[in-house]
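Each remark here refers to the structure printed beneath this line.
Quantities reported herein were computed from a predicted structural model and do not represent experimental measurements. Chain letters run A, B, ... following the sequence lines, proteins first and then strands; every chain starts at 1.
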There are 2 protein chains.
Amino acid sequence: MFFMPYPAKLSAEAVLDAAQRLLEHSGPDALTMRALADALGVRPSSLYRHFSSREVLLRALGDQAALNLKDQVLDAAEGLAPRAALLAAAQAYLAYTRTHPHLYALLLTKENDLPLEHLQHSPGKILWNTLLLLIGRLSGDPDDTDHAVAFWTFLHGFASLEAAGTFGQSGPKRGFEVGLEALFNHMEEVGQAGKS
Amino acid sequence: MFFMPYPAKLSAEAVLDAAQRLLEHSGPDALTMRALADALGVRPSSLYRHFSSREVLLRALGDQAALNLKDQVLDAAEGLAPRAALLAAAQAYLAYTRTHPHLYALLLTKENDLPLEHLQHSPGKILWNTLLLLIGRLSGDPDDTDHAVAFWTFLHGFASLEAAGTFGQSGPKRGFEVGLEALFNHMEEVGQAGKS
DNA sequence: GTCTATAGAGGGATAGAC
DNA sequence: GTCTATCCCTCTATAGAC
């Protein structure tokens, strides 16, 4: 092993870490193979030993983000009563979208065209099942798809509008809390009454 | 006027129309000055007589979209009782995002960095005021910012998740209607009780 | 007002040497 | 596994002729 003309500098993890930093710091358009290579101190072509294309790399980032988001949501809800758990989960979800806006955007735009077999265990599906679980504890229905859709819709909508700067200088006031209260009330009311 | 070596083929309206068709048919990345020129049967440089840059053109498209969306929402709510009007408005909003997904995306990503003086009468603000008006009729508060934020958040979140294909093959079930019901109930309950 | 021609910059990806 | 070198493509925008 005396000759090492080109010693290994990269690993898939190192590339992903640098890509994540670059993405969060400068946005998706700045995440080019050239810029990423510069950040890692290698030549662009070296990256293709670890990711066969930029698109594959982006999907890996998105999958990783989905799992991290799920973990933070689950941790926040841990040990709390159903309604408090959902509120904490919502706040954790929002906190993630604020600290990782570009990763979060990747998460929802790169969830398409999968081979359907593995779609059941995709990171996005795992996140969905986590929300479903927390909601079931409040509404009493362990498969309360309707409320889960409404809840996720609300969380994503708020994160998205906030990131786009739509709320403007006046801010969203207490719209987030008010909307959650409306949804939670509805979950509690309809829960024991069965499906309408 | 016997010599017309290069007769006028374009107008700002014609360019906008073609741009809108190209955008909706093939997505934002396909809306390049080259492709737009091809669609109009002219050379790319000719477009710059009517729009000084691609960004200016995109903003014009977005502003136009915001006004069209507002019109459709307002028309749908016309003559209905407060709660029915809000439901109709929500359905009209969603119908627009389904028929013009890419225009709708422009609407919310190009609302930034304005000269603040004209921000009060921007198309986005006009749309916001329309929602605020309809909500005031149900909650009794003519400036019910919190519920308006929650309502818009929900509409945008649903449109966005649907467009991203997040709901998957099973679809959102009745999550849309359930979420709206929760929000409307909350508006009615809190309306006469004053702000919490 | 449209044309030709081009400047000027950027990107993804590959072949073959080491 | 990384390197050099390069191919190929994309795009926005401008100068000056007509």
Rounded off to whole Å, could you give me the CG-to-P distance for the B:Asp29 and C:dG11 pair? 15 Å

Most 5' of A:Arg49 and A:Ala35 on DNA chain C, judged by nearest nucleotide: A:Ala35

What distance separates B:Gln91 CD from B:Arg98 CZ, expressed to the nearest 0.5 Å? 9.5 Å

Validation row, ring centre B:Phe158 to ring centre B:Phe176 under 6.0 Å: yes

Whole-Å gap separating P (C:dA7) and CZ (B:Arg34): 14 Å

In whole angstroms, how far is the P atom of C:dA15 from the OH atom of A:Tyr48? 13 Å

The first and last nucleotides of DNA chain D lying within contact of chain B, meaning any atom under 4.0 Å from one of its heavy atoms, run from D:dC11 to D:dC18

Any non-hydrogen side-chain atom of A:Asn185 less than 4.5 Å from a side-chain atom of B:Asn185? no

Would you say the side-chain atoms of B:His156 and B:Tyr93 include a donor-acceptor pair closer than 3.5 Å? no

To the nearest Å, how far apart are A:Arg54 CZ and C:dG10 P? 15 Å

Would a hydrophobic clustering, with Ile, Leu, Val, Met, Phe, Trp and Tyr connected at side-chain separations under 4.5 Å, put A:Ile126 with A:Trp152? no

Which whole-number value in Å describes the distance from A:Asp38 CG to C:dG10 P? 12 Å

Has A:Ser26 got a side-chain atom pairing as donor or acceptor with A:Leu23's backbone, closer than 3.5 angstrom? no

Tell me what B:Ser53 touches on the nucleic acid: a base, only sugar-phosphate, or nothing, going by heavy atoms under 4.0 Å. sugar-phosphate

Taking any heavy-atom pair under 4.0 Å as a contact, classify B:Pro7: base, sugar-phosphate, or nothing. sugar-phosphate

Could you check how far CZ of A:Phe51 sits from P of C:dG12, rounded to whole Å? 15 Å

Specify the angle, to 10°, made by the local axes at the two ends of the helix from C:dG1-D:dC18 to C:dC18-D:dG1 when five pairs are taken at each end. 0°

From A:Trp128 atom CH2 to A:Leu133 atom CG, the distance as rounded to the nearest 0.5 Å: 12.5 Å

Intermediate values then yes/no, side chain to side chain donor-acceptor pair (under 3.5 Å), A:Glu24 and A:His100: CA-CA 6 Å; A:Glu24 284 306 347; A:His100 305 90; 5.5 Å; no

Is the closest side-chain donor-acceptor distance between A:His50 and A:Ser11 under 3.5 Å? no

Check every atom of C:dT14, C:dG12, C:dT4 against the side chain of B:Arg43 and return the nucleotide holding the closest atom. C:dT4

